[in-house]
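Below you'll find the structure, written out as structure tokens, and then a few comments.
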Amino acid sequence: MGHDNGLSHDEQYSTATTVEEFRTNIAEVERRIAAAAERAGRDRTDIELLPVSKTVPQERIRLAVAAGCTKLGEYKVQEAHRKSEEMSDLDIDWAVIGHLQSNKAKFVAQFASELQALDRLKVARALDRRLQGEGRTLGVYVQVNTSAEDSKFGMPPEELLGFLKEVRAFDSLNVQGLMTLALFSSDIDRVRPCFQMLRSLRDQVRETDPDLLGPGRLSMGMSGDFEVAIEEGANCVRVGQAIFGKRALPDSYYWPEAD
Ligand SMILES: *Cc1c(COP(=O)(O)O)cnc(C)c1O
């Protein structure tokens, strides 16, 4: 147990409790994103910063929104759904970034603007049916397991192409690209190949049929590794602790199969 991600420098994540502190944390993440993009010769505007607010209570999320956040990532559907109702007075787009069970598809269809963890046909089918009922569409990223760890959700790379061909039939799902969680390791030489694999999968799919992946975006990189992800082509980085502060709960709470 214990994902000791040495890249993340956990102790440095300060918990923002005022709008001003959120502005400071966000500015620092923005600075790191810009520097990584510059190093990689990439355009900053091709990279979305998705703040991840899981476990953060409403009071502090409201401060983050006041500091400029307009879209938030949440891992658990119930938590995201509850927060979307508590903060329905605010204009927030909610992205669900965690594994979804098909029996929760109806909630996602009601409030989410994006699901970044689509990895099974059964879920795609359930979502499409619910979305049709709501008259809504949903942006989706297909999650791929690039680390071959049992603890991670996401489909095996070899199943991706077949999956995308099936997902094309669901009109209410707008495929945005691919998402992955890299290996948890302080060893950058083991993390980077996960990001490289996602990118090369994207490129392979594009060559086979460019229509299968929509804009073909890559969602990869978290507080501890987003600079590496940007160097490898990330279009969306999902950053929690570097903006909101260190989480009290260990990652194994969110990825229970990790132990
Ligand atoms: C929690 C989480 C993140 C953000 O992780 P931090 O270490 O807080 O930056 C990114 N992606 C997923 C899927 C997550 O569950």
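All ligand and atom numbering here is 1-based and tracks the order in the structure.
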Can you check whether Tyr75 has an N/O within less than 3.5 Å of an N/O in ligand 1? no
Ligand 1 to Gly240 polar contact by distance, N or O atoms, under 3.5 Å: yes
Suppose I only count heavy atoms of Arg247 and a 4.0 Å limit; which atoms of ligand 1 are within that range? 1 (C), 5 (O), 6 (P), 7 (O), 8 (O)
Short question: side chain of Arg60, backbone of Ala16 - any donor-acceptor pair under 3.5 Å? yes
Exactly one of Glu231, Glu227, Glu38 clears salt bridge (Lys or Arg N to Asp or Glu O under 4.0 Å) with Arg32, and that residue is Glu227
Just which atoms of ligand 1 are under 4.0 Å from any heavy atom in Val239? 9 (O)
Identify the two heavy atoms, one from Val142 and one from Leu160, that lie closest to each other, and give their separation to 0.1 Å. CG1-CD1, 3.7 Å
I'd like to know whether ligand 1 has Gln116 as a neighbour, heavy-atom separation below 4.0 Å. no
Which one of Ala95, Ser223, Cys236 has a non-hydrogen atom at the shortest distance from atom 9 (O) of ligand 1? Ser223
To the nearest 0.5 Å, atom CG of Leu173 lies from atom CG of Leu115 at 8.5 Å
Does the side chain of Glu21 pick up a donor-acceptor pair with the side chain of Thr17 at under 3.5 Å? yes
